[in-house]
Amino acid sequence: MTKYLISFPSGAMVLSDEDLQAASDASHAVVEEAKEAGVWVFGGAIDESVPPVLVDGDRTVTEGTYPQTKQLEGGYSVLELPSREAALEWAAKIAVACRCAQEVRAFHDDPAS
């Protein structure tokens, strides 16, 4: 089994308040479906009101983040699935619920995680 990150940037969801509530309800239904199927690992959204920081090995804390990840925000799900095809199927369900395309990435297998 491989863990897959299924995600979207917050800017991809441009919805009215009414549509946002419907998308929220639909996405929660997909989460419940994934939990019932036993494939749900973790999910959530980046809290954009809390600024990111970098923490170095000497415990130095610096405001900001790596330049390449400056725009890291949005919604994320991690599912453990038997194949890439299964990941694409779940991503399509999430895309329908959230009303925006989803990015799919596989994690390297790490037996310790």
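Residue indices begin at 1 and follow the sequence shown.
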_Is there a side-chain contact (heavy atoms from CB on, under 4.5 Å) between Glu80 and Val41? Walk through the geometry before answering._
CA-CA 7 Å; Glu80 190 164 27; Val41 176; 3.8 Å; yes
*Show the numbers, then the answer: is there a side-chain contact (heavy atoms from CB on, under 4.5 Å) between Tyr76 and Leu5?*
CA-CA 7 Å; Tyr76 298 84; Leu5 173 67; 3.7 Å; yes
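The closest side-chain donor-acceptor pair between Asp25 and Gln21 falls under 3.5 angstrom. Between Glu48 and Ser10, the side chains place a donor N or O and an acceptor N or O closer than 3.5 Å (distance only, hydrogens not considered).
Side-chain atoms of Glu33 and Trp90, non-hydrogen and from C-beta on, do get closer than 4.5 Å to each other. Side-chain contact between Phe8 and Met13 is present, with heavy atoms from C-beta onward closer than 4.5 Å. Between Ile94 and Ser77 there is a side-chain heavy-atom pair separated by less than 4.5 Å. Looking only at side-chain heavy atoms (C-beta outward), Asp56 and Thr62 stay at 4.5 Å or farther from each other.
When all heavy atoms of Ala95 and Ala101 are compared, the pair lying nearest together is CB-CA, 4.4 Å. Contact detail for Ile6 and Ala87: the closest heavy-atom pair is CD1-O, 3.9 Å.
For Arg99 (side chain) and Ala97 (main-chain N/O), a donor-acceptor pair under 3.5 Å exists by modelled atom type. Between the Ser24 side chain and the Leu20 main chain, no donor and acceptor come within less than 3.5 Å of each other. A distance-only check finds a donor-acceptor pair linking the side chain of Tyr4 to the backbone of Arg84 [under 3.5 Å].
Between the CG atom of Leu88 and the CD atom of Gln102 there is a distance of 11.5 Å, given to the nearest 0.5 Å. With rounding to the nearest 0.5 angstrom, the OG1 atom of Thr65 is 5.0 Å from the CG atom of Leu54. From His28, atom NE2 reaches atom NZ of Lys35 across 9.0 Å, with rounding to the nearest 0.5 Å. The line from NZ of Lys93 to OG of Ser27 is 14.0 Å long, rounded to the nearest 0.5 Å.
Note: the hydrophobic cluster containing Leu81 also contains Val30 (ILVMFWY, side chain heavy atoms under 4.5 Å, direct or indirect links). Side-chain heavy atoms closer than 4.5 Å link hydrophobic residues (I, L, V, M, F, W, Y) into clusters, and following such links, possibly through other members, connects Val104 to Trp40.
Around CZ of Phe107, the count of heavy atoms belonging to other residues, nucleotides or ligands within 6.0 Å exceeds 12.
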